[in-house]
Chemist: 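Below is a structure I'd like to ask you about.
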Number of protein chains: 2
Amino acid sequence: MSGIVTAALIIIGNEILSGRTRDDNLPYVARRCTEIGVRLAEVRVVADDADAIADAVNACRAAHDYVFTTGGIGPTHDDITVAAVARAFGVEVVRDAEAVRRLTAYYEGGDLELNEARLKMADAPAGAAIVDNPVSGAPGFRIENVYVMAGVPEIMQAMFEGAVREIKGGDRLRARTVAVDLPEGTIAATLAAVQKRYADVEIGSYPYYRSRAFGVKVVLRGVDEARLDAAAAALIEALAELGGNPALEEEEGA
Amino acid sequence: MSGIVTAALIIIGNEILSGRTRDDNLPYVARRCTEIGVRLAEVRVVADDADAIADAVNACRAAHDYVFTTGGIGPTHDDITVAAVARAFGVEVVRDAEAVRRLTAYYEGGDLELNEARLKMADAPAGAAIVDNPVSGAPGFRIENVYVMAGVPEIMQAMFEGAVREIKGGDRLRARTVAVDLPEGTIAATLAAVQKRYADVEIGSYPYYRSRAFGVKVVLRGVDEARLDAAAAALIEALAELGGNPALEEEEGA
């Protein structure tokens, strides 16, 4: 697929909204989406509330190519994501036979019983496909363009890497970063002028204050490497004319 | 104010969505809202896109008592939050005389010129009030129930603490945490039974895996301390009957 492919992430959990738990899934999904040519266009954090989850899922699945949810798929009463996603799609919750088989194999021979609470982790919206969980037994699910994943970061990441194999990314955004030792307000007009000349390059300005000195990291993002190089060169020239010492930084990602 | 007071946080910035920058404002706002009796009910991360920002602001301000936005209020071309919020309210962007006065005082006698880019930080949606910025010169703004704040955490936090003085919190949620050395699937039915008996207490289950042992932190939240204590006692008794060693933890927050 070429062109722009977008995704939304829906983080489900009262514990994130209360400040008790810090979310670690957003940075991971954001970075990996960028790497596979998917633009994470929107993130929502919603409570353990079926209406809130269903509303977010329906808004996001209509607006984006892919939707990822994290959290709320465990064995306890507050794990309501599957029911809420089923409601969003207007389908029933069914017990998935393959998921039951996987859970049975996972718990077989161990100390823990595959009781009704654990079997609940085999429930899925009708019509959903399984998302592998190589870490623990309980799978995630995909229904249409919505991937329902665990909240525990190690499990979420393993599920995401499985989901990625099915995802068709689009044009990958590449980046250049130009650091300059001038304050943001001083370079603003110059940045705007370069942005105007390179409308196909997205220019972001991220100020910092370090060792008692103001500076800015200017991030240029776009799909065309040649245009990025040209825009970065134009920017460096213009910033040098302003009296700064601009420097292109090594890129680790986009 | 008593009863339930809710808020939404809108985090604005491409750099969060690309994974380049990690947001630090959500944990702060979440924790402080809990402390002042405001329930952070929803968080959205949106791109530097005027339509996306305006849509999020309009959805959130209709649904919640308070809305906080972070990011996009600096001097550069990619700082479009004020314009987007003005669009959401259907008002013009105007240059705020008091904000100009503050910026003038801030830059006076320094090395930096109060140029047009920096003056842009005095622009506000028509009808907005100033939110103090004790860290640097440029203020935030409040229009109706929407607080427009900086993205840089130190500045955001200072602005938030100013905004808090105007905010009327509701019933504060208190919490009890019961830790138990049993896996989540083993205690799920017990949790559900206690939840059913204490419908006014919100019971969340947060599993952990440490030193090769499964365990769960069960968080009970509610406004009535006596009911919380009763629910926690009932839970501890039931978990002990299951063969666990449940223990009430010290609370640091809710």
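Any value given below was found using the heavy atoms of this structure, including those in side chains, with hydrogens, waters and symmetry copies removed. Because the structure is a prediction, the values reported are computed rather than measured.
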Chemist: Do NZ/NE/NH1/NH2 and the carboxylate oxygens of A:Arg32 and A:Glu161 come within less than 4.0 Å?
Modeler: yes

Chemist: So which of A:Ala63, A:Ala41, A:Gly13, A:Ala47 has the largest heavy-atom pair count under 4.5 angstrom toward chain B?
Modeler: A:Ala41

Chemist: Chain A heavy atoms under 4.5 Å from B:Leu112: which part of the residue, side chain, backbone, both or neither?
Modeler: side chain

Chemist: Quick one: what part of B:Tyr208 sits under 4.5 Å from any heavy atom of chain A, side chain, backbone, both or neither?
Modeler: neither

Chemist: When you check the gap from the basic side-chain N to the acidic O, do B:Arg95 and B:Glu116 get nearer than 4.0 Å?
Modeler: yes

Chemist: For chain A, which of B:Pro183, B:Ala189, B:Ala117, B:Pro207 has the most heavy-atom pairs under 4.5 Å?
Modeler: B:Pro183

Chemist: Donor-acceptor pair, distance only, cut-off 3.5 Å: does the side chain of A:Asp78 make one with the backbone of A:Gly72?
Modeler: no

Chemist: Anything in residues 49-60 of chain B with a heavy-atom distance to chain A below 4.5 Å? Please list those residues in order.
Modeler: none

Chemist: Just so I know, are the side chains of B:Leu182 and B:Val216 near enough to count as touching, which here means a heavy-atom distance under 4.5 Å?
Modeler: no

Chemist: So which of B:Leu40, B:Asp23, B:Val45 has the largest heavy-atom pair count under 4.5 angstrom toward chain A?
Modeler: B:Val45

Chemist: Quick one: which of B:Ala188, B:Pro27, B:Pro75, B:Gly204 has the most heavy-atom pairs under 4.5 Å with chain A, could you say?
Modeler: B:Pro75

Chemist: Let me know if A:Thr177 has heavy atoms under 4.5 Å from chain B in its side chain, its backbone, both or neither.
Modeler: side chain

Chemist: Can we say A:Arg20 and A:Glu15 salt-bridge, meaning some charged N sits less than 4.0 Å from an Asp/Glu carboxylate O?
Modeler: no

Chemist: Which atoms of B:Ile203 are under 4.5 Å from chain A, going by heavy atoms: the side chain, the backbone, both sets, or neither?
Modeler: both

Chemist: Measuring heavy-atom distances to chain A, does B:Gln195 have an atom under 4.5 Å in its side chain, in its backbone, in both, or in neither?
Modeler: side chain

Chemist: Any heavy-atom pair between the side chains of A:Thr70 and A:Ile10 that's under 4.5 Å?
Modeler: no

Chemist: For B:Ala238 versus B:Thr190, what's the shortest heavy-atom pair and its separation?
Modeler: CB-CG2, 3.4 Å

Chemist: With only heavy atoms counted, which part of A:Tyr28 is less than 4.5 Å from chain B, the side chain, the backbone, both or neither?
Modeler: neither

Chemist: Applying side chain to side chain contact (heavy atoms under 4.5 Å, CB included), name anything that partners A:Asp111, two or more places apart in sequence or on another chain.
Modeler: none

Chemist: Against chain B, label A:Leu26 side chain, backbone, both or neither, depending on which of its atoms sit under 4.5 Å from a heavy atom there.
Modeler: side chain

Chemist: Please state whether the side chain, the backbone, both or neither of A:Arg44 comes within less than 4.5 Å of a heavy atom of chain B.
Modeler: both

Chemist: Please report the shortest heavy-atom distance between B:Asn25 and B:Gly151, naming the atom on each side.
Modeler: ND2-O, 3.0 Å

Chemist: Looking at A:Asn115 and B:Gly185, would you say the former's side chain and the latter's main chain have a donor-acceptor pair under 3.5 Å?
Modeler: yes

Chemist: Heavy-atom pairs under 4.5 Å with chain B - which of A:Arg22, A:Arg31, A:Arg39 has more of them than the others?
Modeler: A:Arg22

Chemist: One pair to check against side chain to side chain contact (heavy atoms under 4.5 Å, CB included): B:Met121 and B:Leu103. What are the steps and the verdict?
Modeler: CA-CA 8 Å; B:Met121 296 190 287; B:Leu103 285 168; 4.2 Å; yes

Chemist: Between the side chain of B:Asp181 and the main-chain N/O of B:Gly244, is any donor-acceptor distance below 3.5 Å?
Modeler: no

Chemist: Yes or no on side chain to side chain contact (heavy atoms under 4.5 Å, CB included) for A:Tyr198 and A:Asp200, after CA distance, side-chain angles and deciding distance?
Modeler: CA-CA 5 Å; A:Tyr198 295 88; A:Asp200 55 331; 4.2 Å; yes

Chemist: Between A:Lys196, A:Arg118, A:Glu113, who has the most heavy-atom pairs with chain B when the cutoff is under 4.5 Å?
Modeler: A:Arg118

Chemist: Out of B:Ala192, B:Ala8, B:Ser205, B:Gly74, return the one with the most heavy atom pairs under 4.5 angstrom to chain A.
Modeler: B:Ser205

Chemist: Please round to the nearest 0.5 Å and tell me the distance separating atom OG1 of B:Thr76 and atom OH of A:Tyr206.
Modeler: 8.5 Å

Chemist: Who wins among B:Thr21, B:Leu191, B:Val46, B:Leu114 for the most heavy-atom pairs under 4.5 Å with chain A?
Modeler: B:Leu191

Chemist: Can you tell which part of A:Glu42 gets under 4.5 Å to a heavy atom of chain B, answering side chain, backbone, both or neither?
Modeler: both

Chemist: For the pair A:Asn14 (side chain) and A:Asp48 (backbone), establish whether a donor and an acceptor sit closer than 3.5 Å, ignoring hydrogens and angles.
Modeler: yes

Chemist: Given a strict heavy-atom distance threshold of 4.5 Å, which part of A:Ile11 is in contact with chain B: side chain, backbone, both, or neither?
Modeler: neither

